[in-house]
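What follows is a single structure, written as structure tokens, with notes after it.
None of these values were measured; they are calculated from a predicted model.
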Amino acid sequence: MSTYDLIVIGAGPGGYVCAIRAAQLGLKVACVEGRETLGGTCLNVGCIPSKALLHASHLLHETHENFDKMGLTGAHVTVDWTKMQGYKAETVAGNTKGIEFLFKKNKIDWIKGWAEIEGPGKVKVGDTVHETKNIVIASGSEPASLRGVEVDNAGGVVVDSTGALALPQIPKSMVVIGAGVIGLELGSVYARLGAEVTVVEFLDIITPGMDGEVQKQFQKILTKQGLKFVLGAAVSGVTTGQDGAKVAYTLRKDDSEHVIEAETVLVATGRRPYVAGLGLDKVGVELTERGFVKVDGHWQTSVKGIYAIGDAVPGPMLAHKAEDEGMAVAEVIAGKHGHVNYDVIPGVIYTTPEVASVGLTEEAAKETGRKIKVGKFPFMGNARAKALFQAEGFVKMIADAETDRVLGCHIIGPGAGELIHEVCVAMEFGASAEDIALTCHAHPTCSEAVREAALACGDGAIHV
């Protein structure tokens with residue numbers, strides 16, 4: 001049996017990236033994964049399959065709503081749910097097989113099974129204990145549960161995000177519990193496929209933590225697309241029957257009790273770290289009150305030689321945050337300097353329009369006590385966005401009033417998830433809003449709206 005320099009537990013975005021980077025740095029690496037395919041939640045039952053359904057449902061929306069406006073006429077497009085599921089599966093398979101190829105290319109051993117840490121330098125998989133100099137926990141997360149609600153993905157009535165990706169048929173009606181990223185993305189999919197979607201949220205706002213102006217505009221656009229919202233509602237239970245389910249909730253403003261019926265209920269109340277079965281208590285790895293693994297500034301746990309990254313540790317539960325930590329901890333283990341700039345981690349909601357953000361919101365910037373300036377530009381003033389029938393959103397840039405340094409940016413509009421990275425690079429280099437404003441942007445592109453928002457931080461935008 002080989003002794004490894006590093007064993008990574010989990011082959012999701014954090015784990016497989018960590019393994020590859022460590023192998024590139026000359027370490028002998030193995031990765032433990034119990035799924036039949038690599039890629040973790042993200043590639044198998046999360047990011048990738050949901051984006052496939054979002055793409056397909058968006059194109060369906062375009063054929064029904066915008067094709068005729070462009071002079072594209074023909075038979076009314078219908079949905080073949082079986083074929084759409086097949087397209088989703090092919091997309092997933094192509095990506096997971098790609099990770100397997102990268103493991104072979106980088107000479108990384110895939111130890112198939114579920115890991116348990118026996119002690120520092122010892123990882124048990126099945127009946128075999130593997131020895132290693134270092135361990136990285138990259139075990140990811142799982143859907144959070146909700147008291148009074150029992151999820152049964154196999155039944156297809158009360159499901160979590162995993163079950164919602166593989167429903168046996170498109171439901172006529174759906175209640176989404178939770179107005180966060182996952183709930184709104186999947187709710188958007190089924191609304192476009194013809195379901196009547198109602199989103200029930202405990203808070204009085206959608207997408208908590210997002211810039212306030214973006215929240216309001218986002219809800220307005222989704223409402224126009226057919227989603228209904230019940231905010232400030234505490235769900236007390238879900239009962240199932242032959243025709244679907246009944247969701248009971250209490251409105252917090254007046255304590256009135258209500259019941260809403262739906263064919264399918266999606267529980268999208270967030271995610272929690274998945275560390276069950278790893279034996280962390282046995283080896284003395286400390287956890288936070290919320291069940292995350294405690295780590296220091298170099299992602300090392302309370303036990304020397306055992307590290308943790310991604311959804312298993314505190315911070316935003318984002319695949320790209322996990323990837324950054326995976327590369328950084330590999331650098332640390334290899335004796336180099338690993339670094340993650342947590343102030344420049346973008347977040348994206350892949351609805352149409354997309355919503356993207358990086359850095360401070362206007363509210364958070366004001367809470368710091370510093371003076372700020374806000375530059376805002378509507379996509380209604382962008383020629384390309386109007387041609388795409390996606391001119392309802394805007395770009396909002398936050399800059400320091402004294403130094404002009406970019407502190408954050410928030411975009412709701414076409415391709416927001418791609419546009420945000422211009423601002424990410426600018427922030428990484430400590431750029432000012434003027435730096436972006438003075439940079440030539442190709443015309444006609446949606447990215448011109450970013451430049452215009454930067455101009456609005458100064459003397460003013462041009463096309464407004």
Are any side-chain N or O atoms of Glu362 and backbone N or O atoms of Asp211, one a donor and one an acceptor, separated by less than 3.5 Å? no
Taking the side chain from Glu325 and the backbone from Gly310, do they hold a donor-acceptor pair closer than 3.5 Å? yes
Flag, side chain of Asp160 to backbone of Gly163, donor-acceptor distance under 3.5 Å: yes
Judged by atom type as modelled, is there a donor-acceptor pair below 3.5 Å linking the side chain of Glu33 to the main-chain atoms of Leu38? no
Step by step, would you call Val79 with Met84 a side chain to side chain contact (heavy atoms under 4.5 Å, CB included)? CA-CA 8 Å; Val79 178; Met84 190 177 288; 3.9 Å; yes
Does the side chain of Arg451 come under 3.5 Å of the side chain of Ser447 through a donor N or O and an acceptor N or O? no
Do any N or O atoms from the side chain of Ser302 and from the backbone of Gly284 form a donor-acceptor pair under 3.5 angstrom? yes
Can a donor-acceptor pair be found, under 3.5 Å and without considering hydrogens, that links the side chain of Trp81 to the backbone of Leu167? yes
Side-chain donor or acceptor of Gln219 paired with backbone N/O of Ile206 under 3.5 Å: no
Is it the case that the side chain of His443 and the backbone of His441 share a donor-acceptor pair, with hydrogens and angles ignored and the cut-off at 3.5 Å? no
If you count every heavy atom of other residues, nucleotides or ligands that lies below 6.0 Å from His55 atom NE2, does the total exceed 12? no
Is there a donor in the side chain of Asn44 and an acceptor in the side chain of Thr37, or the other way round, less than 3.5 Å apart? yes
Acceptor/donor pairs from residues 228-252 side chains to any protein atom, 3.5 angstrom cut, sequence neighbours excluded:
unit_1: Lys228; atom_1: NZ; unit_2: Glu196; atom_2: OE2; d: 3.3
unit_1: Ser236; atom_1: OG; unit_2: Ala248; atom_2: O; d: 3.3
unit_1: Arg252; atom_1: NH1; unit_2: Phe202; atom_2: O; d: 2.6

Distance-only donor-acceptor check, side chains Arg370 and Thr368, under 3.5 Å: yes
Side-chain donor or acceptor of Ser432 paired with backbone N/O of Asp404 under 3.5 Å: no
Hey, are Arg271 and Ser141 close enough side-chain-wise for a donor-acceptor pair under 3.5 Å? yes
From the list Gln225, Gln217, Glu392, side chain to side chain contact (heavy atoms under 4.5 Å, CB included) partner of Pro353 resolves to Gln225
Check step by step if side chain to side chain contact (heavy atoms under 4.5 Å, CB included) holds for Ile398 and Thr361. CA-CA 7 Å; Ile398 318 294; Thr361 63; over 6 Å; no
